[in-house]
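Shown next, in structure tokens, is the structure this report addresses.
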Amino acid sequence: MAIKKTGEIFYISLYVKEVPLADEDIFVGIVEDITERRAAKMALAEEAENSKAIMNATSETLFLIGLEGNIIAVNEAGAKRFNAHPADLVGKSLYQILPLELALSRMERFEQVARTGEPLVYEDERDGKFYTSTVYPVIDKDARVTRCALFATDITERKQWERALSEREAKIRAILDSAADAIILIDDKGMVEIFNPAGTRIFQWAEEDVIGKNVKMLMPEPFQSEHDGHIEKYISSEEKKTLGHLQEIPCLRKDGSRFPGELYVTEVWLGRTRKFLGVIRDISERKLAEEALKMSHEDLRESYLKYSAIMDHISCVIYTVSVNGEPTFISNEAEMIMGACASECFKRGRLWDDLVVKEDMAKYLEFRSGISTSRETRKLQYRIKCRDGNIVWLEDKCSPIHDHEGKLAYYQGIAEDITELKNLEQMKDNFFHAVVHDLKSPMTGIKLELDMLAGQITSFSAECSAKEQCRSVYTGYEASMKQKVTDIGEGIDQLHLMIQSLLKLGEIEEEKLELQYEAFGMNDLFGELERDFRGRAAAKGETIEFSHTLSGMVIADFKLLKRVLQNLVDNAVKYSTANTKITVNAVPAKKDSVENIIISVTNTGEPLTGAKINALFQKFKTHGHAESGSGIGLFFCHKTMDMLGGGISVDQDASTITFHIFFPNA
């Protein structure tokens, strides 16, 4: 500080230097008034503190992100999401704190905001938490977007309430949709508010044609004209004679026909609003049955023939089979679907067993046999060869019917033609395999370009090392660039492995894959696997140890076996605890007097839960604790080992997980 002649105190910067002269040394000083600069600096610091206080005063997540993905500022709530302090995140890139796929997704949104200059709102989920986020553009004096401000609010609790409400509504809707009786909710004016699917089936009116209309439209005269008066009388007198009791009423369909209905009405209150809930059952069949009891034998026979004609117009085969397996009733739709009329099925005495294609006969016989030992409905899809030579897919649902003493009386079933559905599924599978197959070529090109980029980085590194100025700048980026290239390469290798597995899996499921058996040494197989995974394991501080006690050659499909082990070792590297050892061991074993080989892959890690164990080998079910992966690998391993005549299993303890595969040494 310094004092002016006027007595005013001001701030200065002083630079003093000793200057030697011929006969003496003098000191030269340079004085600069920095009062305004200091005031501006203090104002700027105060503004920064104010901004920081404002950012930290909210529970929302606040980020200021550069267009290159670098974090310029973050509040405490935002840093807490990453278990860090704001100072630990400022200056870092999104690619350093987020998984690659998530970071790329965020950058796409920031680029959209920068490109359009318009805010963007979206919702996402991370680690079981739901957030609604808004990205705002930050515009400079030249009207250019220079950075983006991200505001994120935790809406997990709201989502949980919404989900609970949705689940409750879904349950109510499921009850309404599955009910066999018409369920109708009306207000105190008689206007319909709820009309379930059974109401549509019974009254023939579509839901949208009834909602908002007076319920009396479902009644014939004179009840239609009298209905409004009944409601008014009930409300004014609170007379509850019609409530809580079953009563028979005449009902009116859309086409004008009448039918007898059984009505149960109750009063419900939603808040302070009065509603009436009615359940109506069509009792036409019961009435017909009651009438039938009064009919003579001939009348009863004629009625049966009428109902049989109705059954014959249902677009599926309805049948009953005796305990001995002989058909007792088959609807005439059998001739429409399979070309075998009911009389022919009766003559054969065994339904359409001789029409089932050879490939499906084993599971068909198991299906028929299983029904006799079960008290539940069983279902099977199988193919039959019709009289005209066409192959038809049937979905057969058969139930055992027991008498009042619990003794098996007969079997009753419905067989539906699902050929068109199966054809659509095949078209979907063909499209899927075509897409996966077409991914191979671009992946190969990307891998080659990545290898070239890695070489160029190495060459550029060598050139920069010879130049001091270049080396000092480049050194800070070299390791990061090489690591990113390595990470991308590993990701491509894993994607390539997944594509290969998908293609082979498609061939297995379509029964088009032919096994290629050959003789090879276990050292050859383990050597290729070691070259494939040595680099990835070393990057995590892991080691892989391969060993075996086989003395002779192995005869199996080398390529398929290698792909199975690639999937297992890939999982071991991915999910193993860092700085530990992965072991791959092969031993001979006898199983039912057949020489088998068991290969075990062991890694350290947390044990899998019961739910994950149960879904371990299912398609599209991931088993890692981070839920990463495609869910294809273990399913592929299971299908492949089954095809090789072997199998796969898993065991674990508190710190290790081991996958075992076994196969016959053909």
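The distance from the CD1 atom of I211 to the CD1 atom of I194 is 7.5 Å, given to the nearest 0.5 Å. In this structure, CD on Q412 lies 9.5 Å from OH on Y319, to the nearest 0.5 angstrom. In this structure, F203 CZ and S257 OG are separated by 10.5 Å, a value rounded to the nearest 0.5 Å. With rounding to the nearest 0.5 angstrom, the OH atom of Y382 is 3.5 Å from the CG atom of D396. A distance of 8.5 Å separates CZ of F259 from CG of L252, quoted to the nearest 0.5 Å. Between the CG atom of L263 and the SG atom of C251 there is a distance of 7.5 Å, given to the nearest 0.5 Å.
By the 4.0 Å N-to-carboxylate-O rule, K397 lies too far from E416 to be salt-bridged with it. For E157 and R163, the salt-bridge test fails: no basic side-chain N is under 4.0 Å from an acidic carboxylate O. The pair K159-D154 does not count as a salt bridge, with every side-chain nitrogen at least 4.0 angstrom from each carboxylate oxygen.
With T156 contributing its side chain and F130 its backbone, the two residues share a donor-acceptor pair below 3.5 Å. Judged by distance alone, with hydrogens and angles left aside, the side-chain atoms of Q224 form a donor-acceptor pair with the main-chain N or O of M219 at under 3.5 Å.
Residue pairs meeting the side chain to side chain donor-acceptor pair (under 3.5 Å) criterion with at least one member in residues 184-197, sequence neighbours excluded, are E193-K275. Screening residues 214-225 for salt bridge (charged side-chain N to carboxylate O under 4.0 Å, His left out) gives K216-D228 as the qualifying pairs, with residues at least two apart or on separate chains. Sorted by first and then second residue, the salt bridge (charged side-chain N to carboxylate O under 4.0 Å, His left out) pairs involving residues 196-213 (not counting sequence neighbours) form an empty list.
For L102, the side-chain contact (heavy atoms from CB on, under 4.5 Å) partners two or more places apart in sequence, or in a different chain, are L98, P99, R106, R126. In this structure, the side-chain contact (heavy atoms from CB on, under 4.5 Å) partners of T200, at least two apart in sequence or on a different chain, are F195. The salt bridge (Lys or Arg N to Asp or Glu O under 4.0 Å) search around R81 returns none, not counting sequence neighbours. The salt bridge (Lys or Arg N to Asp or Glu O under 4.0 Å) test applied to R253 returns D282, not counting sequence neighbours. Here R378 pairs with nothing under the salt bridge (Lys or Arg N to Asp or Glu O under 4.0 Å) rule; sequence neighbours left out. Contacts of T134 classified as side-chain contact (heavy atoms from CB on, under 4.5 Å), with partners at least two apart in sequence or in another chain: V121, Y136. In this structure, E366 has no salt bridge (Lys or Arg N to Asp or Glu O under 4.0 Å) partners at least two apart in sequence or on a different chain. For L408, the side-chain contact (heavy atoms from CB on, under 4.5 Å) partners two or more places apart in sequence, or in a different chain, are V323, P400, H402, Y411.
Annotation: side chain of E248 is in contact with side chain of I283 (closest heavy-atom distance under 4.5 Å). Taking 4.5 Å as the limit, some side-chain heavy atom of M191 sits within range of a side-chain heavy atom of N214. A 4.5 Å side-chain heavy-atom check between K363 and F367 finds every atom pair outside the cut-off. Taking the side chain as every heavy atom from C-beta outward, I384 and L394 approach each other to under 4.5 Å. Looking at heavy atoms from C-beta onward, V265 lies out of side-chain contact with V279 at the 4.5 angstrom threshold. In this structure the side chain of W205 reaches within 4.5 angstrom of the side chain of M217, judged on heavy atoms. Proximity of R368 to C398: side-chain heavy atoms (C-beta onward) are separated by under 4.5 Å at one or more points. Looking at Q112 and L120, their side chains come closer than 4.5 Å, going by heavy atoms from C-beta outward.
Here the two rings, on Y122 and Y131, have centers that are 6.0 Å apart or farther.
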List the steps, then state whether side chain to side chain contact (heavy atoms under 4.5 Å, CB included) holds for H660 with D651.
CA-CA 8 Å; H660 307 280; D651 59 47; 2.7 Å; yes
Decide yes or no on side chain to side chain contact (heavy atoms under 4.5 Å, CB included) for T61 and L150, but give the supporting numbers first.
CA-CA 8 Å; T61 295; L150 170 67; 5.6 Å; no
Go through the steps to decide whether T132 and E123 satisfy the test side chain to side chain donor-acceptor pair (under 3.5 Å), and finish with yes or no.
CA-CA 4 Å; T132 179; E123 288 186 6; 4.6 Å; no
R274 and E267: CA distance, side-chain angles, deciding distance, side chain to side chain contact (heavy atoms under 4.5 Å, CB included) verdict:
CA-CA 7 Å; R274 188 201 310 261; E267 182 183 56; 2.5 Å; yes
Worked check of side chain to side chain contact (heavy atoms under 4.5 Å, CB included) between V113 and E118:
CA-CA 6 Å; V113 171; E118 297 292 335; over 6 Å; no
Pairs of donor and acceptor atoms involving the side chains of residues 168-182, under 3.5 Å and at least two apart or interchain, shall be tabulated with distances.
| residue | atom | partner | partner atom | Å |
| --- | --- | --- | --- | --- |
| R173 | NH1 | D177 | OD1 | 3.2 |
| S178 | OG | A174 | O | 2.7 |
| S178 | OG | I175 | O | 3.4 |
| D181 | OD1 | R281 | NE | 3.1 |
| D181 | OD2 | R281 | NE | 3.2 |
| D181 | OD2 | R281 | NH2 | 2.9 |

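Scanning both residues, Q652 and P607, for their nearest heavy atoms gives OE1-CA, 3.2 Å. A pairwise comparison of heavy atoms in I186 and V215 identifies CG2-CB, 3.8 Å as the closest pair.
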